[in-house]
Amino acid sequence: MPEEQAKHAAPQGDFTISRELDAQRALVWQCFTDAQHMKHWWGPKGFKVIHSKMDLRPGGMYHYGLRTPQGQEMWGRFVYSEIVAPERITFVSSFSDEQGSLSRHPGHMTWPIEILTNFVFEERGGKTLFTITSSALNASDEEQKTFDDGRDSMKGGWGGTMNQLAAYLATLNAK
């Protein structure tokens, strides 16, 4: 088997990224569990939240819409499976349409339809260590390969989103 194929023969495992945020865990938790907070920071830099509706409970859904800097709309959803306040939120993340039904990634037709995601919030002496762990859920081999190959893009996207959150938290801390 060629080396490139062998590299993707087995999943690379979970994708994980962490960031220490300069805010109390209770405030960071609020920013993830209140749709009004989410609309101020959710998404990569330059994206604007155009829809933010949350039903925070196991089986509930957060449905959001983003407008890209180029004016295109992107929709997504989280379907919550576990909520342990203020420590952890587990959900299945997916792209969606405007009504909240599942859809494919608008730019990557082989991106997994569902991503199992875990947000962990750890108190660190007045700051919060926020960790995201995600993995492709029920993915085909091609979808798993796309997920594995997309790690740099995920680092950039999540890094930008965490930058947006950090900037928003700074405005809240200043009040």
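Nothing fancy with the numbering, it's 1 onward along the sequence. Given the structure is predicted, the values throughout are model-derived calculations rather than measurements.
Judged by distance alone, with hydrogens and angles left aside, the side-chain atoms of E123 form a donor-acceptor pair with the main-chain N or O of G126 at under 3.5 Å. Judged by distance alone, the side chain of T90 and the main-chain N or O of S81 form no donor-acceptor pair under 3.5 Å. Remark: the backbone N or O of G107 is paired with a side-chain donor or acceptor of H105 at under 3.5 angstrom. Within the 3.5 Å criterion, the main-chain N or O of V28 finds no donor-acceptor partner in the side chain of T128. Checking side-chain atoms of W41 against main-chain N and O of C31 turns up a donor-acceptor pair under 3.5 Å.
With sequence neighbours excluded, no residue satisfies salt bridge (charged side-chain N to carboxylate O under 4.0 Å, His left out) with E114.
Closest heavy-atom contact between M54 and D34: SD-N, 3.8 Å. Nearest approach of H63 to G76, heavy atoms of both residues: CD2-O, 3.3 Å. The minimum heavy-atom distance between G13 and R151, with the atom names listed, is O-NH2, 2.6 Å. Taking both residues in full, the closest heavy atoms of F95 and P106 are given as CD2-CD, 3.7 Å, listed atom of the first, atom of the second, then distance. Of all non-hydrogen atoms in P86 and R25, the two that sit nearest each other are O-CD, 3.4 Å. The heavy-atom pair separating M61 from G100 by the smallest distance is SD-O, 4.2 Å.
D141 and K145 are not joined by a salt bridge, as no carboxylate oxygen comes within less than 4.0 angstrom of a charged side-chain nitrogen. Taking the charged nitrogens against the carboxylate oxygens, D55 and R57 do have a contact shorter than 4.0 Å, which makes a salt bridge. Between R124 and E122 a salt bridge is recorded (basic side-chain N to carboxylate O distance below 4.0 Å).
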What do the steps show when you test R77 against L102 for side-chain contact (heavy atoms from CB on, under 4.5 Å), and what is the final call?
CA-CA 8 Å; R77 70 184 208 174; L102 285 177; 3.4 Å; yes
Please step through side-chain contact (heavy atoms from CB on, under 4.5 Å) for the pair T16 and I132, ending with a clear verdict.
-> CA-CA 6 Å; T16 302; I132 303 163; over 6 Å; no
message: Before you tell me yes or no, could you show the steps for I89 and V84 under side-chain contact (heavy atoms from CB on, under 4.5 Å), namely the whole-Å CA-CA distance, both residues' side-chain angles and the distance that decides it to 0.1 Å?
response: CA-CA 6 Å; I89 303 171; V84 181; over 6 Å; no
Checklist line | Steps toward side-chain contact (heavy atoms from CB on, under 4.5 Å) verdict (L165, L21) | finding: CA-CA 9 Å; L165 173 58; L21 299 165; 3.7 Å; yes
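M38 and V79 are assigned to two separate hydrophobic clusters, defined by single-linkage of ILVMFWY side chains at heavy-atom distances under 4.5 Å. Following chains of ILVMFWY side-chain contacts shorter than 4.5 Å, one cannot reach V120 starting from M154, and the two form parts of different hydrophobic clusters. Residue I113 is not grouped with residue Y80 when hydrophobic side chains (ILVMFWY) are merged at heavy-atom distances under 4.5 angstrom, including chains of intermediate members. No continuous path of ILVMFWY side-chain contacts below 4.5 Å connects W111 to V92, so the two sit in separate hydrophobic clusters. The hydrophobic cluster containing L137 does not contain I17, counting ILVMFWY residues as joined when their side-chain heavy atoms lie under 4.5 angstrom apart, directly or transitively.
Pairs engaging residues 83-102 under the salt bridge (Lys or Arg N to Asp or Glu O under 4.0 Å) rule: E82-R88 [sequence neighbours left out].
Between H51 and Y64, a ring centre-to-centre spacing not shorter than 6.0 Å is recorded. Aromatic pair F32/H37: ring centres not closer than 6.0 Å.
Taken from CZ in F47 to CD in Q164, the straight-line distance is 10.0 Å, to the nearest 0.5 Å. Rounding to the nearest 0.5 Å gives a distance of 9.5 Å between CG of N118 and OG1 of T131. Atom CG of residue L66 and atom CD1 of residue I50 lie 7.0 Å apart, to the nearest 0.5 angstrom. We find the CD-OG distance between Q144 and S135 to be 8.0 Å, quoted to the nearest 0.5 Å. Considering CZ of R19 and CG of N163, their distance stands at 4.5 Å, rounded to 0.5 Å. Atom CE in M162 sits 12.5 Å away from atom CD in E20 (nearest 0.5 Å).
Between the side chains of T133 and D14, no donor-acceptor pair is found at a separation under 3.5 Å. Between S134 and T117, the side chains place no donor N or O within less than 3.5 Å of an acceptor N or O (distance only, hydrogens not considered). Y62 and S52 form a side-chain donor-acceptor contact under 3.5 Å, judged by distance and modelled atom types alone.
Enclosure of atom CD in E142 is not indicated, since only 12 or fewer non-hydrogen atoms of other residues, nucleotides or ligands lie within 6.0 angstrom.
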